[in-house]
Novice: 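Following this message is one structure expressed as structure tokens.
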Amino acid sequence: MKIPENTDSCSAHSVHLRKEISFLRGVCLLLGNTIGAAIFISPKGVLLHSSSYGLSLIMWTIGGIFSVIGSLCYAELGTTITKSGSSYIYVFESFGGFMAFLNLWTSLIISYPARQAILALTFSNYLMGPFYSSCPLPSAAVYLVAVACIGFITAVNCAKVKWGAYLQMAATVAQVSALIVIIVTGVVKLIQGDTQNFEKPFEGSKLNPGSMALALYSALYSYSGWDALNYVTEEMKNPERNLPLTIIIAMPLLTVIYFLTNVAYYTVMDAETILNSSAVAVTFADQVLGYAKWFIPLTVAISCCGALNSVIISSSRLIFVGSREGHLPDCLCLVHIYRFTPIPALLFNGGMALIFLCVKDIYQLIHYFSFSYWLFLGLAVAGQIYLRWTCPDMPRPLKLNLCFPVVYCICSVCLVVVPLYSDTADSMVGLAGILSGAPIYYFFIHLPPQRQPKILRKLLGFIFIYTQKVCLCCPAESPPGKQIQSKSK
């Protein structure tokens, strides 16, 4: 959505996003975004579809290995194409603007704002829950706290990148500490002889392909978010070293943590208790932590806050990069001239999240578009294979064996086909939503500017200039480092 040349006095090369993401901050961003609240609230989907503790633990392990392979593929992509934007920019560089725009369209119109709204509402519910233990939570208060949470985190990230990173580090420490408490408690129970739940670990296992696929799908949902660092590649210090190192350390560690956390759950609670629980970690705390049981609900709230912060960081950078590549209005790739933060992108992202707080059935929207997440991750990794073939001489600081991306692509195809087969109607709704971006792409991006309505160009020019003035922003300079010649938009 390019506009006519502006006459603003800001130089196009005056500011850029600073490299504020160190190795430790990167680890916290990746862990915080991936852990989220799922492992605390609803790990029961794996047990529901596997029907045994033994098989469910195998599914958690396979999900972790699959996520490690995917994250390693993204480590190669991130060190080869050193632009921010994750799957959007990798698809753009490999297969051109149309497929990349569909990825961007799905992420910004549905997936990211819906996820932020859910995290904010979950944070609000768990924060206010202890104060309303004997009566239902007032819905108006829940929504006001959720609005305040989104507003506060957006403001923190507008102020300074470092402040958002510090907030993420604090939340990640709380997340991991809570999981360690759960794990240690489970280990103590095992040492004390509470092993009755593991006497027949595979009894009743559902070994049919459909059930096993759904169990794996549930496990992978808890691992989703491992691509968080690829959204901020340009802001990482020494990304060629820190990006792969962060992934190599964080993802195997996360797999072990998830495995041991579920072992602790299974040690303390029987299958019926887990399947009937609305928040497994809270039920766990109620049974074994006594007076300290308040710690887990508080940690779930903090975990939601940290996950929301990491999603806001990722989503705002996706908006920023999408604007810079010409797929969104130019005003969204402006950077504050003193704070070096993408304030317009952050404000737009926050506004979209607030809109989705008003949607009654956000979970259904997420369900419609869940398979699109794996579709575009798989497409990005397919782009990795494609670039190996078309650009074999590109500098690649990290070069995996080709078996890794091939295996990941095959598994991604399965993850896309399973919901299309098992839940065809809802998947078709999601597919229609993705394809609804096609006419938007044609009329507002593919058509040359001279064929677009003159009033639209004037409006975009007006918004661009006044966004600069109101937000005290200037266009960011082009990112340094390696990149491929972009395909036609």
Novice: Check whether any side-chain N or O of Thr255 sits under 3.5 Å from a backbone N or O of Met251 as a donor-acceptor pair, and report yes or no.
Specialist: yes
Novice: Go through the structure and list residues passing side chain to side chain contact (heavy atoms under 4.5 Å, CB included) with Ile313, not counting sequence neighbours.
Specialist: Leu29, Asn157, Val232, Asn309, Arg317
Novice: Of Ile249, Asn230, Ile247, which is the lone residue that meets side chain to side chain contact (heavy atoms under 4.5 Å, CB included) with Leu30?
Specialist: Ile247
Novice: Show me the donor-acceptor pairs, under 3.5 Å and distance only, between side chains in residues 221-228 and residues at least two apart or in other chains.
Specialist:
residue, atom, partner, partner atom, Å
Tyr223, OH, Trp60, O, 3.0
Ser224, OG, Tyr221, O, 2.7
Asp227, OD2, Ser86, OG, 3.4

Novice: Give, for atom CG of Leu377 and atom CG of Leu415, the distance between the pair rounded to the nearest 0.5 Å.
Specialist: 9.5 Å
Novice: Can you see whether Ser315 engages Asn349 through a side-chain donor-acceptor pair at a distance of less than 3.5 angstrom?
Specialist: yes
Novice: Would you check, one step at a time, whether the test side chain to side chain contact (heavy atoms under 4.5 Å, CB included) holds for Phe98 with Ile445?
Specialist: CA-CA 9 Å; Phe98 177 67; Ile445 299 168; over 6 Å; no
Novice: Below 6.0 angstrom between ring centroids: does that apply to Tyr74 and Tyr90?
Specialist: yes
Novice: Does any N or O in the side chain of Ser323 come within less than 3.5 Å of the main-chain N or O of Pro329, such that one atom is a donor and the other an acceptor?
Specialist: yes
Novice: When you compare the side chain of Thr172 with that of Gln168, does any pair of heavy atoms fall below 4.5 Å?
Specialist: yes
Novice: Please report whether the ring centroid of His327 lies less than 6.0 Å from that of Tyr88.
Specialist: yes
Novice: Is the shortest heavy-atom distance from the side chain of Ile312 to the side chain of Tyr112 under 4.5 Å?
Specialist: no
Novice: Might you confirm whether atom CZ of Phe404 has over 12 heavy atoms from other residues, nucleotides or ligands at distances under 6.0 Å?
Specialist: no
Novice: Which heavy atom of Asn33 sits nearest a heavy atom of Ala307, and at what distance?
Specialist: OD1-O, 4.2 Å
Novice: Determine, stepwise, if the pair Ile434 / Phe376 fulfils side chain to side chain contact (heavy atoms under 4.5 Å, CB included).
Specialist: CA-CA 11 Å; Ile434 295 172; Phe376 288 112; 4.2 Å; yes
Novice: For Gln175 and Ser303, which I'm curious about, is there any donor-acceptor pair between the side chains at under 3.5 Å?
Specialist: yes
Novice: Could you go step by step and tell me if Leu334 and Thr467 meet the side chain to side chain contact (heavy atoms under 4.5 Å, CB included) rule?
Specialist: CA-CA 8 Å; Leu334 299 174; Thr467 300; 3.8 Å; yes
Novice: Nearest 0.5 Å please: distance from the CE atom of Met128 over to the CG atom of Leu144.
Specialist: 8.5 Å
Novice: For the side chain of Ser71 and the backbone of Val68, is there at least one donor-acceptor N/O pair under 3.5 Å apart?
Specialist: yes
Novice: Below 4.0 angstrom, N of the basic side chain to O of the carboxylate: do Lys237 and Glu20 qualify?
Specialist: no
Novice: Please determine whether a side-chain nitrogen of the Lys or Arg among Glu234 and Lys19 lies less than 4.0 Å from a carboxylate oxygen of the Asp or Glu.
Specialist: no
Novice: Spell out, as yes or no, whether a donor-acceptor pair under 3.5 Å connects the side chain of Ser316 to the backbone of Leu346.
Specialist: no
Novice: Working note: Leu77 + Thr80, criterion side chain to side chain contact (heavy atoms under 4.5 Å, CB included); need CA distance, chi angles, decisive distance, verdict.
Specialist: CA-CA 5 Å; Leu77 283 166; Thr80 303; 5.8 Å; no
Novice: Among residues at least two apart in sequence or on other chains, which ones pass salt bridge (Lys or Arg N to Asp or Glu O under 4.0 Å) with Arg388?
Specialist: Glu76
